[in-house]
Structure formats: C-alpha cells, structure tokens
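Everything on this sheet refers to the single structure shown next.
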Protein chains: 2
Amino acid sequence: MLRLTKKADYGLMALKYLAEQAGPVPAAEPDAHVSLAQSAKDIAEAYHIPPQLLAKILQTLAKAGILVSHAGTNGGYALARPASQITAFEVIRAIDGPLFITSCITIHGACDLTSHCTIKEPLRKVNDSIKDLLSGIRISDLIETSESRPGTETAVGGGLISIAL
Amino acid sequence: MLRLTKKADYGLMALKYLAEQAGPVPAAEPDAHVSLAQSAKDIAEAYHIPPQLLAKILQTLAKAGILVSHAGTNGGYALARPASQITAFEVIRAIDGPLFITSCITIHGACDLTSHCTIKEPLRKVNDSIKDLLSGIRISDLIETSESRPGTETAVGGGLISIAL
DNA sequence: CTCAATCCCGACCGTTAAGGTCTGGATTGT
DNA sequence: ACAATCCAGACCTTAACGGTCGGGATTGAG
Ligand code: FES
Ligand code: FES
C-alpha cells in the first residue's frame, strides 16, 4: 500500500545531495543560481544508482522548474530555488505525476463505479491530509537528520523499516 | 504516487456496508456477533463490484480477524468487532500487506543501496505519520460523511498532522 | 438425508506500470 | 574541433494488480 516509487526516492536523494553541495553558501553571491552545478553522472556515482535513470529523473525535475540545467563541458544541475523552498510534495508530484490514493482515477476521469462508491469522499480527505503532510517537508529538512555521529555507519540501528505494528 | 489499491477500496466499502446494516443496534444483544451476516454476493451487488473478487477480499479480512464468517444457507460475513474499533489502517494492511512508501522493501529485506541511501530515515518518519493518520480513521467514521455530529469530527480534514524531523 | 447456499482455497490469466537500457541528437565550454 | 554535458524519445523485462475459474468443505433448510 501507499508505495512511493523508486524514482521519487532517487529524486529526493539527488536534491538532498545538491542542497548539501550548496550548503555553506558564503552569502556573497545573491544573484544567479542557488547551488553549484553537478552532473547527473556525479550524483549517480555518489549514490550508486543507475546513471541513465537518474539522468531522466533530473530532466523531469528540470522541466518541472525544480532544477536548472546547463549543458556543456562543466554543466550539470543546480537547484532552481533554495532548498527550503522545495517541498517533498512537489518533487514527488513532478516525478510520479498527480496520482493519488483513490486508485479510481483512470484516464477517463473517474472509475465507472464512482456513483456507487460511498467512501470516495472520506478517502479524498485522507488524500488531502497526506498531501499536506508531504507539503510540509522541505528538502532542507532532509539534510540534518542523523548528522552527528562521525565514523560509524548509519543504518546500524537494527530494524530497518520493520513496519511492525 | 501513494496509491491505494482497488482491493483495499472495495474492502473498506464492504466494511462500511456491514457497519451500516448493523447500525441501529438496539443495545439489547450484548453478546454474540456485532452485526448481521451478509453474503459476499449481496454486498457485491450493492456496489456493482466483481463478486468473486470481493469474495476473496472478504476471506482475507476474515482471516485477519476483522470479519467473522459463517457458511451455510443463510451465512455470510459480519463485523468481528464494533465499527468504532476497526481502523482503516488495519484493513488496508490486511488486504495490501505491510507495504509502505519506502519502495525499498524487496523480498530480500531491504534494497541493495540501503547503505548509501541518505533519506531512508526521514522517509520512515513520513511513513509513520501516514500510518498514524490511517490508524486514526475508524470504519464508523466513514458512515457519516456529511452533516454529522459537530462534536465528533473525523479529525481527518483538520490537517493537524504534524511531522517532526 | 439430501440439497442448495454459502464460505474457502489455490491456480490461472491479461493488462499495466515500474525500473531500467539504448540510441541519437542538441548544446556549450575548452 | 572536440569532448562533456543535457535532452528526447523508443524500447525491454519483470512483477504486481485486477479479475476469473473450478473444485472442495461447511451448514442450514426441507
Ligand atoms: S471505487 Fe472508484 S471512487 Fe471508490
Ligand atoms: S533507496 Fe533503498 S532505502 Fe532509499
């Protein structure tokens, strides 16, 4: 249930990476772009993800106005805005499209039993809540999660995604 | 993104239906079962959904302890508990399995780049938030979608879901 | 006892989308 | 001129989803 695609995961990782690269902004360059340009290949190698796939994701993000791109020898991608002004919601939406939980959104608008479905409305509210939740998360929120223990690898904390209840 | 499967949708619809049938409980039968038994076929016809598919969904729900079943001529399904004690989360979980947004849960435990993934932890928190959100929704919340008691709002539309990163 | 109405279980199948690859072309700094 | 990039599609493979089928096990009714 409620599955976030790997593409969106990759996209968020890449954005976080870019935000980190541009992290210590010397506050001496108020114009131009927000962060340094990084090539798709570099980012892909940093995270060991398929380079060509990430390339396409970054292109999508660029088309959505979240990234700016620059071709050429020292080209690459940079954040179009400060990391604090990019929400997880718009990233996910840009990559995965406007799909939502109802599963009743076919290409024809709505599913054929939309007139009999009695839980459509409450589900829409859940949908909105999740949207709000995601909209409240900014890229800048991702960069300082577990940064305090140098040396030790993360993910040592045992139960990764145990999903237990 | 974040797509709820149609099966879960159907399951919720069926549960709501059962809850409605048993709605005006005369409070004179504190024992036995909570609601009247309805056959899978009846429920399927009420909503115009594939009967055989719904049958399987109800079986799953019964196995999960959410419904009780009774074979025989006047058999059918009934809620195993009052509708106010069944959450949307456990329904979805019973039907769609313990899948969650991370998309990094393969059958082998975790995805192979779990050691490089830097956003796993923040994502897990989002996950938990959604889980909490869904856990706060009860079947009884579905039956009075509009114009209900002003005292007991569904707490869904309020957007009071905050996430701490 | 017999029978019909049910629930139960597993196998099966078609469609779709996700994840990933490949090829060719358009920019642009050096 | 050339290499490093970005860009835009056309593919491919696999797995999950949505749905179907048939056979078997219960159980109330007549
Ligand atoms: S089944 Fe389509 S709106 Fe619920
Ligand atoms: S990509 Fe697997 S944990 Fe994020």
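Worth knowing before you read on, the calculation uses all heavy atoms, side chains too, and leaves out hydrogens, waters and symmetry mates. As the structure is a computational prediction, the values presented were derived from the model and not from experiment. Proteins come first, then strands; the chains are lettered A, B, ... in the order of their sequence lines, and each starts at number 1.
Evaluation of the side chain to side chain donor-acceptor pair (under 3.5 Å) rule for Q52(B) yields no partner, not counting sequence neighbours. Partners of S39(A) according to the side chain to side chain donor-acceptor pair (under 3.5 Å) rule, which considers only residues two or more places apart in sequence or in another chain, are D42(A). Evaluation of the side chain to side chain donor-acceptor pair (under 3.5 Å) rule for N74(A) yields no partner, not counting sequence neighbours.
Residues G76(B) and K7(A) each lie close to DNA chain C; by heavy-atom proximity, the contact nearer the 5' end of the strand is made by G76(B).
I92(B) places its CD1 atom 13 Å from the P atom of dC17(D), with the value rounded to the nearest Å. Between the CD atom of Q38(A) and the P atom of dA4(D) there is a distance of 17 Å, given to the nearest Å. Note: NE2 (H48(A)) to P (dG20(C)) measures 15 Å, nearest angstrom. With rounding to whole Å, L54(B) atom CG is found 14 Å from dT20(D) atom C1'. The interatomic distance linking L67(A) (CG) with dT5(D) (C1') rounds to 15 Å, in whole Å. The interatomic distance linking I57(B) (CD1) with dT20(D) (P) rounds to 11 Å, in whole Å. For the pair L61(A) CG and dC6(D) C1', the interatomic distance rounds to 14 Å; values are reported in whole Å. Protein atom CG of L58(A) is 13 Å distant from nucleotide atom P of dA8(D), rounded to whole Å.
Salt bridge annotation for R81(A)-E90(A): present, with a cationic side-chain nitrogen under 4.0 angstrom from a carboxylate oxygen. Between K16(B) and E20(B), at least one side-chain nitrogen of the basic residue sits less than 4.0 Å from a carboxylate oxygen of the acidic one, meeting the salt-bridge criterion. With respect to K6(B) and D9(B), no salt bridge is recorded, no charged nitrogen being found less than 4.0 Å from a carboxylate O. For the pair K125(B) and D128(B), the salt-bridge criterion is not met [side-chain N within less than 4.0 Å of a carboxylate O].
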Dump every N/O contact between nucleotides 9-12 of chain C and the protein below 3.5 Å, one line per pair.
unit_1: dA11(C); atom_1: N6; unit_2: K56(B); atom_2: NZ; d: 2.8

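Residue Y10(B) places at least one side-chain N or O under 4.0 Å from the OP1 or OP2 atom of dG19(D). Taking side-chain N and O atoms only, T5(A) has no distance below 4.0 Å to OP1 or OP2 of dA17(C).
Within 4.0 Å (heavy atoms only), A55(B) reaches no atom of the nucleic acid at all.
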Nucleotide by nucleotide, 5' to 3', does protein get under 4.0 Å of the base (B), only the sugar-phosphate (S), or neither (-) in nucleotides 25-30 of chain D, counting heavy atoms?
-BBB--
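Without hydrogens or angle criteria, D141(A) side chain to R138(A) main chain gives a donor-acceptor distance under 3.5 Å. When atom types are taken as modelled, the side chain of Q85(A) and the backbone of P82(A) share no donor-acceptor pair closer than 3.5 angstrom.
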Determine, stepwise, if the pair L134(A) / V91(A) fulfils side chain to side chain contact (heavy atoms under 4.5 Å, CB included).
CA-CA 10 Å; L134(A) 256 16; V91(A) 174; over 6 Å; no
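Side-chain contact between V68(B) and L79(B): absent, with no pair of heavy atoms (C-beta onward) separated by less than 4.5 Å. Using a 4.5 Å cut-off on side-chain heavy atoms (C-beta onward), L133(B) and L133(A) make no contact.
Distance from the side chain of K6(B) is smallest for dG19(D) among the nucleotides dT21(C), dG19(D), dC6(D). Picking from dG19(C), dC17(D), dC6(D) the nucleotide with the shortest atom distance to the side chain of Y77(A) gives dC6(D).
Axis angle between the ends of the helix from dC1(C)-dG30(D) to dT30(C)-dA1(D), five pairs each and rounded to 10 degrees, works out to 10°.
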